[in-house]
Number of protein chains: 2
Amino acid sequence: MTTPLPRQLVRGSSSGVAIMAVFDLLGRKWNMRIMWELNSTSLSFRGLQKRCDSMSPSVLNTRIKQLTESELIFTTSEGYKLTELGLSLMNTLNPLREWAAEWEDKVAK
Amino acid sequence: MTTPLPRQLVRGSSSGVAIMAVFDLLGRKWNMRIMWELNSTSLSFRGLQKRCDSMSPSVLNTRIKQLTESELIFTTSEGYKLTELGLSLMNTLNPLREWAAEWEDKVAK
DNA sequence: TAATATCGCTACTTATTTCGTAGCGACACT
DNA sequence: AGTGTCGCTACGAAATAAGTAGCGATATTA
């Protein structure tokens with residue numbers, strides 16, 4: 001069976017494709033961080049920028065587009081907000097906070 | 001260049017520092033993927049490489065060093081394995097598989 | 001009304017990260 | 001000695017992120 005599928009979609013069962021896409025999205029600088037900051041409040045462009053270590057506006061702009069396209073955030077008059085999907089993602093990622101603390105203790109960065 | 005400090009340590013309360021370090025680690029290409037592949041079995045260098053879409057050996061090598069330094073993986077005669085810490089991280093990341101499927105349904109990448 | 005300030009965002013250059021390939025020395029098997 | 005595979009490194013090219021200046025729009029103050 002020859003296949004025209006992209007490399008990353010070739011292997012892995014159908015249940016594995018989705019998670020690879022997630023790794024692709026979250027495994028990019030700033031995406032997790034942006035979601036994390038938006039978890040508590042909605043933020044304006046410059047507000048978000050300042051919270052994310054004053055990341056460059058050009059990169060922030062492309063990230064916002066990506067995350068919007070992926071339906072994880074959306075724009076309102078009060079600023080950027082997480083969508084339902086985005087909120088549910090942050091919920092699954094919540095245990096990470098606790099793990100991080102434990103990890104910090106043991107590894108002592 | 002304004003500051004020699006790592007990005008994640010500049011800002012954020014003491015309770016937030018750990019999670020920022022995690023974002024820094026996981027928000028790098030391949031790190032999540034490598035952990036994911038090692039969750040089921042231990043793998044050799046070239047085995048791991050093939051499972052990760054034949055990623056370049058130079059990058060894999062630096063990733064392995066990073067993850068080893070962070071005490072998430074370690075080397076054995078049978079190949080690379082997750083540490084206890086690494087295993088617990090993958091456990092917290094497990095719900096992501098389910099979320100990914102749901103996300104795929106709704107967004108239809 | 002006009003000057004000033006801040007906003008979201010773009011354009012552009014420079015720095016950093018990742019990719020892709022070739023190949024080394026070590027070990028195994030023939 | 002010849003062939004194969006191993007973990008891994010070197011190095012140039014390509015892709016991505018950082019850094020800075022500034023535009024047009026709106027809000028604010030004089």
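Quick note: numbers below take in every heavy atom, side chains included, and nothing from hydrogens, waters or symmetry partners. Residue numbering restarts at 1 for every chain, and letters A, B, ... go by the order of the sequence lines.
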*Output, in order, the C-alpha distance, side-chain angles, deciding distance and verdict of side chain to side chain contact (heavy atoms under 4.5 Å, CB included) for W36(B) and F23(A).*
CA-CA 10 Å; W36(B) 188 265; F23(A) 291 158; 3.5 Å; yes

*Would one find a side-chain N or O of K29(B) under 4.0 angstrom from OP1 or OP2 of dA15(D)?*
no

*Counting side-chain heavy atoms from C-beta on, which of dG7(D), dT17(C), dC9(C) comes nearest to N61(A)?*
dC9(C)

*K50(B) side-chain N/O to dT5(D) phosphate OP1/OP2 under 4.0 Å*: no

*Closer than 4.0 Å, any side-chain N/O of W30(B) to the OP1 or OP2 of dT17(C)?*
no

*What integer distance in Å separates D53(A):CG from dG19(D):P?*
10 Å

*Between dT17(C) (P) and D24(B) (CG): distance, integer Å*: 10 Å

*In whole angstrom, give the distance that lies between atom CZ of F45(B) and atom P of dA26(C).*
18 Å

*Round to a whole Å and report the spacing from CE of M55(A) to C1' of dT20(D).*
15 Å

*Starting from the 5' end of DNA chain D, give me the residue, S56(B) or G47(B), whose nearest nucleotide shows up first.*
G47(B)

*Not counting sequence neighbours, which residues clear ring-ring contact (aromatic ring centres under 6.0 Å, His included) with W30(B)? List them please.*
none

*asked:* Let me confirm one number: the CG-CG distance from N39(B) to L93(B), rounded to the nearest 0.5 Å.
replied: 9.5 Å

*Just how far is it from atom CE of M90(A) to atom CG of L96(A), taken to the nearest 0.5 Å?*
8.5 Å

_Rounded distance in Å - CG (L60(B)) to P (dT17(C))_ = 18 Å

*Nearest-neighbour nucleotide for the Y80(A) side chain, dA17(D), dC9(C), dT17(C) considered*: dC9(C)

*asked:* I want to check one thing: is the phosphate of dC8(D), taken as OP1 and OP2, less than 4.0 Å away from some side-chain N or O of R46(B)?
replied: no

*To the nearest Å, how far apart are Q66(B) CD and dT17(C) P?*
10 Å

*Separation of I34(B) atom CD1 from dT18(C) atom P, in whole Å?*
11 Å

*With the threshold set at 4.0 Å, does a side-chain nitrogen-carboxylate oxygen contact exist between R33(A) and D53(A)?*
yes

*Touch class at under 4.0 angstrom, heavy-atom based, for T62(B) against every strand present*: nothing

_Rounding to an integer number of Å, can you tell me how far R28(A) CZ sits from dT18(C) P?_
11 Å

*Under 4.0 Å between a side-chain N or O of S58(B) and OP1 or OP2 of dC8(D)?*
no

*Between I64(A) and P57(B), name the one whose nearest nucleotide on DNA chain C is closer to the 5' end.*
I64(A)

_Short side-chain N/O contact from K65(B) to OP1 or OP2 of dG7(D), under 4.0 Å_ = no

